[in-house]
Amino acid sequence: MMPLKKGPEPITDLLDFYDRWPLLRVEMKALSEGNLLNEDERETLSWLILLADRVGPADLRD
């Protein structure tokens with residue numbers, strides 16, 4: 001019997017992160033709007049979300 005998966009596979013590289021960003025974005029947006037982080041952390045995360053949103057396929061070429 002195979003063990004149960006406990007969570008998503010680790011992100012392996014930038015392309016993998018880019019492919020997963022739509023789902024990760026939802027989680028990060030919720031985190032940035034919640035109260036688990038302090039104000040500075042929420043602001044930093046909000047800026048990182050905006051930055052990640054600007055990455056496109058042309059940015060991932062070698």
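- Follow the hydrophobic side-chain contacts under 4.5 Å out from Leu24 and you reach Ile49 in the same cluster.
- Qualifying side chain to side chain donor-acceptor pair (under 3.5 Å) partners for Trp21, counting only residues two or more places apart in sequence or in other chains: Asp53.
- Under the side chain to side chain contact (heavy atoms under 4.5 Å, CB included) criterion, Asp16 pairs with Ile11, Thr12, Asp13, Arg20, not counting sequence neighbours.
- Shown here are the side chain to side chain donor-acceptor pair (under 3.5 Å) partners of Arg42, two or more places apart in sequence or in another chain: there are none.
- Atom CG of residue Asn38 and atom CD of residue Glu43 lie 10.5 Å apart, to the nearest 0.5 angstrom.
- Here the straight-line distance linking atom CG of Leu31 with atom CG of Leu37 works out to 4.0 Å at 0.5 Å rounding.
- Atom-to-atom distance recorded for Leu45:CG and Glu33:CD is 10.0 Å, nearest 0.5 angstrom.
- Nearest heavy-atom pair, Val55 versus Asp59, reported as atom, atom and distance to 0.1 Å: CA-OD2, 3.4 Å.
- Atom OG of residue Ser46 and atom CE of residue Met28 lie 11.5 Å apart, to the nearest 0.5 angstrom.
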